[in-house]
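Numbered from 1 within each chain, the chains take letters A, B, ... in sequence-line order. Computed from a predicted model, the values in this text were never measured in an experiment.
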Amino acid sequence: MGVNLKDLIPPEAKVEVELKALKGKIVALDAYNMLYQFLAAIRQPDGTPLMDRQGRVTSHLSGLFYRTINMVEEGVKPVYVFDGKPPELKRRELEERMKRKKQAAAKLEQARRAGIVEEARKYAMQASHLTRDMAEEAKRLLEAMGIPWVQAPEEGEAQAAYMSRKGDAWAAGSQDYDSLLFGATRLVRNLAITGKRKLPGKNVYVTVKPEIIELDKLLKALGITREQLIVIGILLGTDYNPGGIPGYGPKTALRHVKAYDDPVKALKAVEKLAGGVDLYEVYRLFLEPKVTDDYRLEWRPPDEEKIYHILVEEHDFNPSRVKKAVERLRKAYRENLKSRQTSLDAWFG
DNA sequence: CCGTAAGA
DNA sequence: TCTTACGGG
């Protein structure tokens with residue numbers, strides 16, 4: 001899922017911070033990525049997600065609600081960016097994903113029947129699927145909370161990257177690295193999973209902190225341009241050419257792009273190994289993705305009634321818990337989000 | 001993932 | 001104040 005630049009990024013190009021370090025910063029969050037992580041992680045030990053009385057899954061709403069409030073309390077100004085229609089080139093990856101999820105669902109059944117709780121949880125996480133309805137409901141909840149969201153024409157990560165390039169956002173927020181290929185000035189990772197996380201398999205917990213990667217620093221550290229970074233991503237594999245080019249890992253890929261004066265030549269050189277995918281088209285997709293200027297970033301006070309209606313009346317959330325959380329959101333809005341009128345603003349009106 | 005209660 | 005266990009919907 002997404003391009004894997006993990007082993008390419010040198011330590012000096014990233015920095016671990018506390019959530020507080022993002023105080024006052026606008027972060028354009030990849031909504032799909034965040035919601036998916038909540039949906040996968042917020043489960044009982046046997047893998048059952050949170051559900052309302054009608055059996056509708058609510059894990060993503062719980063995660064979105066409480067995590068957003070925590071971010072706002074720390075002074076982060078979140079804007080959620082939702083995916084539009086996926087590019088045609090992504091179809092194969094999406095079909096593969098669907099197939100993997102079906103396989104995971106079958107394994108989940110097996111594990112359930114065998115009564116192996118931990119296995120069941122693992123496969124339930126892999127089988128989780130974020131539906132269109134879940135995304136639409138998340139938008140409704142964000143509106144009630146007074147948190148802005150943006151509808152991307154195509155890829156959410158491309159739109160978030162564009163917003164950071166325009167200076168409308170300080171960073172893009174996602175667990176995936178794609179936004180760097182899309183040109184995001186900064187990427188913040190670990191925003192959905194900040195805190196303690198269980199290491200897979202072991203009964204050991206590690207603290208996960210937000211991690212900031214600056215595009216300029218990354219490019220300097222690697223001695224390449226953004227165009228060359230895109231080519232490296234394509235060699236390693238993206239959603240548009242899953243698997244990448246056989247034999248290319250981070251080191252070979254870096255060496256390869258540096259051996260050419262023109263990044264497009266570096267692409268052409270591996271064309272025959274691409275399995276029929278038009279690599280130049282993939283390159284263009286990252287370099288000039290479809291984005292929009294049709295958005296307004298405005299944080300409004302939370303509408304307690306609307307929040308209540310969605311969470312308590314429709315989805316059986318505990319009223320006193322929701323009330324407390326809304327109280328926290330109200331206070332955080334006043335202190336951190338409300339655009340304060342300066343005396344000069346008042347003078348010039 | 002999260003908040004809450006209980007115990008340290 | 002901090003850590004841990006547990007249930008949330």
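Comparing dG8(C), dT4(B), dC2(B) by their closest approach to the side chain of Ile42(A) singles out dG8(C). Among the nucleotides dC1(B), dC2(B), dG9(C), the one closest to any side-chain atom of His315(A) is dG9(C). Of the listed nucleotides (dG9(C), dC1(B), dC2(B)), dC2(B) has the atom at the smallest distance from the side chain of Asn70(A).
Proximity of Arg321(A) to the phosphate of dG9(C): no side-chain N or O atom is located under 4.0 Å from OP1 or OP2. Phosphate proximity of dT4(B) to Asn318(A): absent, as no side-chain N or O sits under 4.0 Å from OP1 or OP2. The shortest distance between the side-chain N/O atoms of Arg56(A) and the OP1/OP2 oxygens of dG9(C) is not below 4.0 Å.
Atom pair Phe317(A):CZ and dC2(B):C1' shows a separation of 10 Å (rounding to whole Å applied). Regarding Leu39(A), its CG atom lies at a distance of 15 Å from the P atom of dC1(B), rounded to whole Å. Asn190(A) places its CG atom 14 Å from the C1' atom of dC1(B), with the value rounded to the nearest Å. As a whole-Å value, the separation of Asp52(A) CG from dG9(C) P is 11 Å. Note: CG (Asp316(A)) to P (dG7(C)) measures 19 Å, nearest angstrom. Per the geometry, CE belonging to Met51(A) stands 13 Å off P belonging to dG9(C), to the nearest Å. dG3(B) atom P lies 9 Å from atom CZ of Arg67(A), rounded to whole Å. Between the NZ atom of Lys324(A) and the C1' atom of dC2(B) there is a distance of 14 Å, given to the nearest Å.
With respect to the salt-bridge test (charged N to carboxylate O, under 4.0 angstrom), the residues Glu143(A) and Arg140(A) do not qualify. Ion pairing between Arg284(A) and Glu288(A) holds under the 4.0 Å rule for side-chain N and carboxylate O. For Lys324(A) and Glu327(A), the salt-bridge test fails: no basic side-chain N is under 4.0 Å from an acidic carboxylate O. Here Lys166(A) pairs with Asp293(A) in a salt bridge; the nearest charged N to carboxylate O distance falls below 4.0 Å.
Contacts of Gln37(A) with the nucleic acid, taken as non-hydrogen atoms under 4.0 Å apart, are absent. Nucleic acid contact class of Ala40(A) (heavy atoms, under 4.0 Å, all strands): none.
Here the shortest heavy-atom pairing between Leu108(A) and Ala120(A) reads CD1-O, 3.2 Å.
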